[in-house]
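Side chains are part of it too, since the values below use all heavy atoms of this structure and drop only hydrogens, waters and symmetry mates.
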Amino acid sequence: MKTHPTAGGITARTNVDIAIGILVAFHGCAPEEAFTELAEHARIHSISLAETARALTAVARATHAHAHVSASAMVHARDRWGRFPAARGSAAPVAARDAA
């Protein structure tokens, strides 16, 4: 995997690590399971692992993607993981927040 800095100085590896952390936090799964989910999603949609990770991060932050994420990657990420908290800065998963 590339380790060259991308936009903002973040490497592809860092993007993947951040995405794994997001999945671990919101799904309560092990990092290995999160990586498998991320990699499988990338493979199914023929999108690079790094781009999939950037798209997931944008979805989790409820922000628009930057120049290094295709519209296709964003659509697939929203379809798969688009149920993160709507309120920015909230750490509670949607199901837990809605149950309260």
### Query
So, do Glu37 and Trp81 sit near enough that their side-chain heavy atoms are less than 4.5 Å apart?
yes

### Query
Are any of the side-chain heavy atoms of Leu23 and Leu56 separated by less than 4.5 Å?
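Yes; the side chains approach each other to less than 4.5 Å.
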
Could you list the residues that satisfy salt bridge (charged side-chain N to carboxylate O under 4.0 Å, His left out) with [X], not counting sequence neighbours?
| X | answer |
| --- | --- |
| Glu33 | none |
| Glu51 | none |
| Asp17 | Arg13 |

[X] [atom1] to [Y] [atom2] distance, which is reported to the nearest 0.5 Å:
| X | Y | atom1 | atom2 | value |
| --- | --- | --- | --- | --- |
| Ile18 | Arg54 | CD1 | CZ | 11.0 Å |
| Glu32 | Ile20 | CD | CD1 | 9.0 Å |
| His45 | Arg80 | NE2 | CZ | 8.5 Å |

#### Entry: Ala19 versus Leu38, closest heavy-atom pair with distance
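That would be CB-CD2, 3.9 Å.
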
### Minimum heavy-atom distance between Thr52 and Ala42, given as atom pair plus value
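Residues Thr52 and Ala42, closest heavy atoms: OG1-CB, 3.3 Å.
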
### Message
Tell me whether Ile47 shares a hydrophobic cluster with Leu49, the cluster being built from Ile, Leu, Val, Met, Phe, Trp, Tyr side chains joined at under 4.5 Å.
### Response
no

